[in-house]
Protein chains: 2
Amino acid sequence: MRAMAETMADRKKAILRAVTDDYISTAEPVGSRTIARKYGLGVSSATIRNEMADLEDEGYLEQPHVSAGRIPSDKGYRFYVDALMPERALTGPEEKTIRAECARRSDEIQSLIRATAKVLGELSNCASVVIGPGVKTAEIRHIQLVPLSSDSVLVLVVTNAGLVEHRVLAIDHEMDPRDLENMSRMLNHRLRGSSLARMRGRVLGEILADLNAYASFLEEMFDLLLSATRSSDQDRVYVDGLMRLLGQPEFNELERARPILEFLESDDLVLTELSGSASRGLGGAYVTIGSENQRQELRECSVVCAPYGVGGQVVGTIAVVGPTRIDYSLVTSLVEYMAESLSDLLARIQSAK
Amino acid sequence: MRAMAETMADRKKAILRAVTDDYISTAEPVGSRTIARKYGLGVSSATIRNEMADLEDEGYLEQPHVSAGRIPSDKGYRFYVDALMPERALTGPEEKTIRAECARRSDEIQSLIRATAKVLGELSNCASVVIGPGVKTAEIRHIQLVPLSSDSVLVLVVTNAGLVEHRVLAIDHEMDPRDLENMSRMLNHRLRGSSLARMRGRVLGEILADLNAYASFLEEMFDLLLSATRSSDQDRVYVDGLMRLLGQPEFNELERARPILEFLESDDLVLTELSGSASRGLGGAYVTIGSENQRQELRECSVVCAPYGVGGQVVGTIAVVGPTRIDYSLVTSLVEYMAESLSDLLARIQSAK
DNA sequence: TTTAGCACTCTGCTGCGCCGAGTGCTAACG
DNA sequence: CGTTAGCACTCGGCGCAGCAGAGTGCTAAA
């Protein structure tokens, strides 16, 4: 791909860039005359026609039908993203919107995530997805048992991403608050820096040995925590701006948009699809174009996603989903900026603890 | 309206019922011949034509155009709902789905709410909305301060609806865990049974007097709690099945569906619109038909909603939004049943504490 | 009061022809 | 040899006419 960036003639690149830019902003197939008129390349439309025919042969452009202009193919977009796309800095108002909206809500992580999804959707004019931090694999910063009443105890887990998870545990017989306090201290000592997922096994055995007076209570507690975290995974998904997709011309025919929207509405599918991106590491956005997507439903979409995290560790992902004609330049900057900003906010939340 | 139920001739009622039933299930304007054939009223289509003309004069039916069949007007639906609609018990599979899905998730209230919205949407084949319990006006069952680290304290509020709200409060100088324990006890004593909304004023003054060594800390804590609850209000809204609306024939033209979907996607609007229904008290569903809706966006929709709660107190609302052609009989039962079931689950959660 | 019959109306569909946009090809030009 | 002008060709979108079907309202008879 990169090699081609070197080998393709400059004029061809310019034409491919012009076609892509124009199509991104107008959603209309673009003809040779338009290119010659709007983008001063100093050559006539006939020349451009020839080049466009070449570009089509090479698979960068395609024609919806013979007497229409050209539109970029997935391969064309890929080349555009890798080699042609202009660097786009966010404008003042955009940055301001992000800052304002996120700062206002940063007191509580759920609100922050929700606000992030909303702002991202608004600014990109597409659907947005945010995967919030999970509790399963996150590093435990604090774990505590709080006596609620004579027959229930609140189990509290605070992770390094600032996520506070709680579960209420019914108990048979009243427990001394001091015992709970002791257990909390012990649990903290053993589990801080570890994760719930890694907890089973060695650590669990040690804890039970230390606190074997309360073994059955603890067993129950861990089961509750683990089962709860399993089921609450889809609660990590926040989707916003679905309707904006319907505003895009390519989705005017409902039947084209339907499968995509249904996919995005199903939290668990979205979660599994996007959680793969976590492995790619922090910093930078990843673009997946049309047919590059694994899932059938997304074959007519592009996805721009970026993981965010704390302490160099990925805890979640944000993403924008739009037609392949999406404004890659803008959306990439946007997603990168917001992932960074989210990481920053989490770091600040974390350091406050 | 009720009076009319008495005065309308039985045959006319039967015809109105037939037209409405048929239109609800087919979404096609229904003609006199159809009625005569499918619903054995023992009269010819001509007779039915006459009656239908009358019903149209009286405003219960309308004609999309002269050579089409009739469809119920909003007034017609209203009469149907008030006087004609068949009682519909939920089928075994339906009840089973509800139970299974809700029970599986009832360990944590957020999950429960989300699952409720999902199931409600699926079974009604419409969009569903669930307003979760809020923390502002709810009765406080437990309030506690948990020391997290040397410079932060976790404030925990458990309401009578089983909702657990938490906020992390940054502090200037370390506080003795025993002091926090004392404060927790005092706060519990003063606030249990009250609500955050009513907290300002008298109670607050007393507390500050009692604990005036920590006045500034407490002030800050209350501010945080109140501001947080204000901003987290829209986090109470769960919407599901938006896409199902697009499956309804009346919303095939995107432009008709758009404003509705956009309205439903905006959590705060939905919240204010539905929270009014809370005042109508527990038990039973409320139907709002087409033009009866205050909001312009919902003028082509019907909304079936029911509040749920604990201890006789309303804490939230569930609702189904669909075209005016919605299956009132099914949806009403569904909404009533689920509101009840939600109330039961909350009561169980509560009693466990 | 009900029914049969009939003329009438209106929508949705289909087929036709036209327009315009854009191409590919060819031939000429520098 | 690359570039350009000219031209024939293709094809989708649009408007229009005509047809079929569904359903009504009206009238007259039972």
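So that the names make sense, note that chain A is the first sequence line, chain B the second, and so on, each numbered from 1.
Legend: residues meeting side-chain hydrogen bond (donor to acceptor under 3.5 Å, both in side chains) with A:Gln296, ordered by chain and number and at least two apart, are absent. Every residue was checked against the salt bridge (charged side-chain N to carboxylate O under 4.0 Å, His left out) condition with B:Asp327, not counting sequence neighbours, and none meets it. Residues forming a side-chain contact (heavy atoms from CB on, under 4.5 Å) with A:Arg88 (at least two apart in sequence, or on another chain): A:Thr91, A:Glu94, A:Ser329, A:Leu330, A:Ser333. Not counting sequence neighbours, B:Thr20 has no partner by the side-chain hydrogen bond (donor to acceptor under 3.5 Å, both in side chains) test. B:Gln248 pairs by the side-chain contact (heavy atoms from CB on, under 4.5 Å) definition with B:Asn125, B:Cys126, B:Glu250, B:Phe251, B:Pro323, B:Arg325, not counting sequence neighbours. Here B:Glu122 pairs with nothing under the salt bridge (charged side-chain N to carboxylate O under 4.0 Å, His left out) rule; sequence neighbours left out. Contacts of A:Tyr39 classified as side-chain hydrogen bond (donor to acceptor under 3.5 Å, both in side chains), with partners at least two apart in sequence or in another chain: A:Asp22. Residues satisfying the salt bridge (charged side-chain N to carboxylate O under 4.0 Å, His left out) test with B:Glu273, not counting sequence neighbours, are none. With sequence neighbours left out, A:Arg11 forms a salt bridge (charged side-chain N to carboxylate O under 4.0 Å, His left out) with A:Glu51.
C:dT2 atom P lies 11 Å from atom CD1 of B:Ile48, rounded to whole Å. Atom pair B:Glu56:CD and D:dG23:P shows a separation of 15 Å (rounding to whole Å applied). To the nearest angstrom, P of D:dT24 lies 11 Å from CG of B:Asn50. Here D:dG23 presents its P atom at 19 Å from CD of B:Glu51, a figure rounded to the nearest Å. Rounded to an integer number of Å, the gap from CD of A:Glu62 to C1' of C:dG22 is 17 Å. Here the P atom of nucleotide C:dT1 and the CG atom of B:Asp10 are 16 Å apart, to the nearest Å. In this structure, A:Ile15 places its CD1 atom 12 Å from P of C:dT23, rounding to the nearest Å. Rounding to whole angstrom units, CG of residue B:Asp57 and P of D:dC26 are separated by 10 Å.
In this structure, A:Asp21 does not pair ionically with A:Arg17, as no charged nitrogen and carboxylate oxygen lie closer than 4.0 Å.
Taking every side-chain heavy atom of B:Thr47 into account, C:dT2 is the closest of C:dT2, D:dT24, C:dG24.
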Set out, in order, the CA-CA distance, both residues' side-chain angles and the distance that settles side-chain hydrogen bond (donor to acceptor under 3.5 Å, both in side chains) for A:Ser302 and A:Tyr328, then state yes or no.
CA-CA 9 Å; A:Ser302 284; A:Tyr328 293 97; 2.6 Å; yes

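DNA chain C lies under 4.0 Å from no heavy atom of any residue of residues 251-258 of chain A. Applying a 4.0 Å cut-off to non-hydrogen atoms, none of the residues of residues 22-38 of chain B approaches DNA chain C.
An OP1 or OP2 oxygen of C:dG24 is reached within less than 4.0 angstrom by a side-chain nitrogen or oxygen of A:Arg70.
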Footprint string (nucleotides 6-14 of chain D, 5' to 3'): B base within contact, S backbone only, - free, heavy atoms under 4.0 Å:
B---BBS--

